[in-house]
Amino acid sequence: MRVAIIGAGPAGMTAAYQLAKAGAEVEVFEASASPGGLAKTIELWDQKVDLGPHRFFSSDTRVNELWLEVAGQDYAMVDRLTRIYYKNKFYFYPIKPFDALGNLGAVEAARCVASYMAERLSPTPPDGSFESWVQSRFGRRLYEIFFKTYSEKLWGISCKDLDADFAAQRIKKLSLFEAIKNAVFGGKGNTHKTLVDQFAYPHGGTGMIYERMAAFVRQKGGKVFCNTPVERVLTEHGTVTGLALPDGEFRKYDHVVSSMPISLLVSRLPEVPMDIKEKAMSLKFRNTILVYLNVDAANLFPDNWLYVHSSDLQTGRITNFRNWTPELYGEAQTSILVLEYWCYDGDELWTMDDKKLVALASDELRKTGLIKDAKISDGHIHRISRCYPVYNRGYKEVLKPVEAYLTGIRGLSVIGRYGAFKYNNQDHSILMGMLAAENIMNGTSHNLWEINTDYEDYQEASVITKTGLVRQKN
Ligand SMILES: Cc1cc2nc3c(=O)[nH]c(=O)nc-3n(C[C@H](O)[C@H](O)[C@H](O)COP(=O)(O)OP(=O)(O)OC[C@H]3O[C@@H](n4cnc5c(N)ncnc54)[C@H](O)[C@@H]3O)c2cc1C
């Protein structure tokens, strides 16, 4: 069985790792210089950093076992501390009632409670939007403070136009009641995924897992080609024959696993009907610009990352890698921070030159008061095109026929965050890779499109702890 994998991110690398283990002949094609995809770790100013904050968390025993198999003992449990920056104040996230109350003040807090009660008495009718989904659970006032500004920065569209799926995937079942219950009684046991307060983090950075997977594939005789983008997947009579590289080289395979952007995959397929191609091309992605700043101080503030809700700042999130694990910074005495900016291709930010971006980020960081008068000695820009699949309202009607078309192609598996147009975390992409490999090697028929939708009724849940896996009863 000769299998080609497009993309060496968590989805593609996991598929390759599992296939190599099962004895398939595997060749991975990665467009960038190294494995890991969005979850890679890079070297910067003699330290290690990720592409934004990357906390691994899963309740799925299959995913956790695989992660531990690769990480071995080389990870630490990191205490999570995150806050929200809103109107010059810092709110703990997950929300702590007394802290929130103190920050909001008695009048605003009373307004929040009143709008929550009003919502209970006369609920907002669901219209499929993110706005109605959140407002109906939290009330208008809390929605405006804790969800609206951040989400609109991230997605660049009104929350009225954002599909409720985004909320359902990320803050599913989280009610104000649960948030308060967690705050008052602690977060032990079956804690909601957005509230997890400790996470496992590899000594070599998040990307260590995928670098190790790549090394394993090579050790098993497989190939991982970096700096090698795939131009297109080739089919004949609805069956995959292989793939083509940009220089025109054709390579023959029995099966292709693709995690390249779904819009590009579909638009370049040779036999694709025009309406499917148009639908795939209409799916939107949001870009990210990461502005790394090297700050001359070792003890700036305690958060792993902060969400920036204030609308007077363009950045949406600030990460401090100094607060992850000492293995990342070693002997260095500086703190590397990264500020995230989100935009579309045509936005001014996307084409802004590096110097201006560093100046913008430095200025915004200074305004938060987080670094006081510490010196910013250097800046570095990393641009990520097609970083987030945008769930605008109605996207499912567009995606469904594209999914059905791709499912009908024999010898093709479509996985991954932009590969399958799913707002995946690493665990979702890892699971997609595992199940794709199982389908290919064992003839199972896992529906990969269902992952990161409603699959979270685990038969056996677990968490990774300092001493390994701990199984939990559902
Ligand atoms: C800022 C940020 C913060 C995040 N935080 C977290 C977090 O805290 N926890 C968490 O679990 N996840 C987090 N994620 C999400 C996580 O990074 C992704 O879920 C994961 O990387 C997705 O893996 P993937 O393999 O599906 O896709 P990707 O990581 O996008 O990998 C796809 C790969 O395909 C390659 N490729 C694309 N086109 C081609 C082509 N034509 N030919 C060959 N190769 C190609 C790309 O170069 C890339 O390497 C975060 C992501 C971002 C951007």
Side-chain angles (χ1 to χ4, degrees), residues 3-19 28-31 36-39 58 60 62-63 155 163 165-166 168-170 172 210 229-230 232-233 235 240 243 255-269 272 276-277 279-286 384-392 394-440 444-456:
V3 186
I5 317 271
I6 307 175
M13 242 16 277
T14 303
Y17 178 85
Q18 296 291 83
L19 286 163
V28 182
F29 296 86
E30 168 54 46
L38 295 173
S58 176
D60 190 313
R62 295 165 295 180
V63 173
W155 299 108
D163 200 283
D165 265 15
F166 165 55
Q169 279 181 15
R170 287 297 166 116
K172 194 179 171 186
Y210 312 107
V230 167
R232 60 177 69 222
V233 172
T235 62
V240 163
L243 50 77
H255 202 107
V256 171
V257 178
S258 170
S259 72
M260 69 189 275
I262 193 169
S263 44
L264 297 186
L265 169 76
V266 172
S267 68
R268 295 173 184 176
L269 283 170
V272 63
I276 297 294
K277 183 172 173 167
K279 284 191 166 71
M281 291 301 282
S282 73
L283 294 168
K284 283 200 335 183
F285 293 93
R286 188 96 164 133
I384 307 173
S385 180
R386 299 193 184 87
C387 193
Y388 293 87
V390 180
Y391 288 1
N392 52 322
Y395 86 98
K396 266 180 295 197
E397 286 75 61
V398 175
L399 188 59
K400 281 279 161 214
V402 178
E403 285 180 7
Y405 176 73
L406 290 171
T407 305
I409 299 178
R410 289 176 293 279
L412 177 69
S413 306
V414 174
I415 57 173
R417 176 152 153 146
Y418 50 38
F421 205 77
K422 288 272 152 58
Y423 183 29
N424 279 2
N425 267 328
Q426 292 170 81
D427 57 325
H428 305 117
S429 281
I430 289 173
L431 187 62
M432 281 182 166
M434 290 175 81
L435 298 186
E438 227 179 284
N439 283 350
I440 295 167
T444 48
S445 47
H446 298 293
N447 184 347
L448 305 175
W449 300 104
E450 275 176 8
I451 296 169
N452 194 10
T453 44
D454 282 324
Y455 86 107
E456 289 169 279

Colleague: Enter the distance from Ile6:CD1 to Leu243:CG here, rounded to the nearest 0.5 Å.
Modeller: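 The distance works out to 5.5 Å.
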Colleague: Is there a side-chain contact between Leu431 and Arg62 in this structure, where contact means two heavy atoms from C-beta onward sitting under 4.5 Å apart?
Modeller: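 With C-beta onward as the side chain, the pair touches.
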Colleague: Just to verify, what does Ala39 make a side chain to side chain contact (heavy atoms under 4.5 Å, CB included) with, not counting sequence neighbours?
Modeller: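 Side chain to side chain contact (heavy atoms under 4.5 Å, CB included) check on Ala39 returns Pro10, His54, Thr206, Tyr210, Gln426.
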Colleague: Does Lys284 have any side chain to side chain contact (heavy atoms under 4.5 Å, CB included) partners at least two apart in sequence or in another chain, and if so, which?
Modeller: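 Side chain to side chain contact (heavy atoms under 4.5 Å, CB included) list for Lys284, sorted by chain: Ile157, Tyr344, Val390.
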Colleague: The criterion is side chain to side chain donor-acceptor pair (under 3.5 Å); which residues satisfy it with Ser263, sequence neighbours excluded?
Modeller: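 By the side chain to side chain donor-acceptor pair (under 3.5 Å) rule, Ser263 matches no residue at all.
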Colleague: Can you sort out the partners of Phe285 under ring pair (Phe, Tyr, Trp, His ring centres under 6.0 Å), two or more places apart, ordered by chain and number?
Modeller: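 Residues passing ring pair (Phe, Tyr, Trp, His ring centres under 6.0 Å) with Phe285: Phe421.
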Colleague: May I ask you to decide if Arg232's main-chain N or O and Arg268's side chain share a donor-acceptor pair within less than 3.5 Å?
Modeller: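 It does not hold such a pair.
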Colleague: Any side-chain heavy atom of Asp60 sitting closer than 4.5 Å to one from Asp427?
Modeller: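 Not in contact.
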Colleague: Which atoms form the tightest heavy-atom contact between Val402 and Ala280, and what is the distance?
Modeller: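 Looking at all heavy atoms of both residues, the closest pair is CG2-N, 3.9 Å.
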Colleague: Give me each pair satisfying side-chain hydrogen bond (donor to acceptor under 3.5 Å, both in side chains) with a member in residues 7-19, each pair once, sequence neighbours excluded.
Modeller: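 side-chain hydrogen bond (donor to acceptor under 3.5 Å, both in side chains) check on residues 7-19 returns Tyr17-Glu69, Gln18-Lys21.
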Colleague: Nearest heavy-atom pair of Lys279 and Glu397: which atoms, and what distance?
Modeller: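 Closest approach of Lys279 to Glu397: CE-O, 4.4 Å.
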Colleague: Quick one: CE on Met432 to CG on Leu448, what's the gap to the nearest 0.5 Å?
Modeller: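 The CG atom of Leu448 is 7.0 Å from CE of Met432, to the nearest 0.5 Å.
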Colleague: Might you point out which heavy atoms bring Ser267 and Met281 nearest each other, and give the distance in Å?
Modeller: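 Ser267 and Met281 have their closest heavy atoms at CB-SD, 3.4 Å.
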Colleague: Pair up each side-chain donor or acceptor in residues 406-415 with any protein partner under 3.5 Å, not counting sequence neighbours, and list the distances.
Modeller:
residue: Thr407; atom: OG1; partner: Glu403; partner atom: O; Å: 2.7
residue: Thr407; atom: OG1; partner: Trp449; partner atom: NE1; Å: 3.0
residue: Arg410; atom: NE; partner: Thr239; partner atom: OG1; Å: 2.9
residue: Arg410; atom: NH2; partner: His237; partner atom: O; Å: 2.9
residue: Arg410; atom: NH2; partner: Thr239; partner atom: OG1; Å: 3.1
residue: Ser413; atom: OG; partner: His255; partner atom: NE2; Å: 2.8

Colleague: Looking at residues at least two apart in the chain, or sitting in another chain, which of them share a side chain to side chain contact (heavy atoms under 4.5 Å, CB included) with Thr444?
Modeller: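 Only Glu438, Asn439, Asn442, His446 meet the side chain to side chain contact (heavy atoms under 4.5 Å, CB included) criterion with Thr444.
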Colleague: Rounded to the nearest 0.5 Å, what separation is found between the CG atom of Leu269 and the CG atom of Leu264?
Modeller: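 Spacing of CG (Leu269) from CG (Leu264) equals 11.0 Å.
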Colleague: For the residue pair Ala420 and Leu399, what are the closest heavy atoms and their distance?
Modeller: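 Closest heavy-atom pair between Ala420 and Leu399: O-CD2, 4.3 Å.
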Colleague: Please name the pair of heavy atoms, one in Ile276 and one in Pro401, separated by the smallest distance, quoted to 0.1 Å.
Modeller: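 That would be CD1-O, 3.7 Å.
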Colleague: Applying side chain to side chain contact (heavy atoms under 4.5 Å, CB included), can you list everything that pairs with Leu38, at least two apart in sequence or on another chain?
Modeller: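 Listed in chain order: Ile384, Cys387, Arg417.
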Colleague: What are the two closest heavy atoms between Ala8 and Glu30, and how far apart are they?
Modeller: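 Scanning both residues, the minimum pair turns out to be N-OE1, 2.7 Å.
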Colleague: Rounded to the nearest 0.5 Å, what's the gap from OG on Ser282 to OH on Tyr395? Could you check?
Modeller: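 OH of Tyr395 is found 13.0 Å from OG of Ser282.
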Colleague: Check whether any side-chain heavy atom of Val256 sits under 4.5 Å from a side-chain heavy atom of Val230, and report yes or no.
Modeller: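 No, every pair of side-chain atoms sits at 4.5 Å or beyond.
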Colleague: Residues in ring pair (Phe, Tyr, Trp, His ring centres under 6.0 Å) with Phe29, at least two apart?
Modeller: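 Listed in chain order: Phe225.
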Colleague: Has the side chain of Tyr405 got a donor or acceptor atom that lies under 3.5 Å from a matching backbone atom of Val266?
Modeller: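 Answer holds: no.
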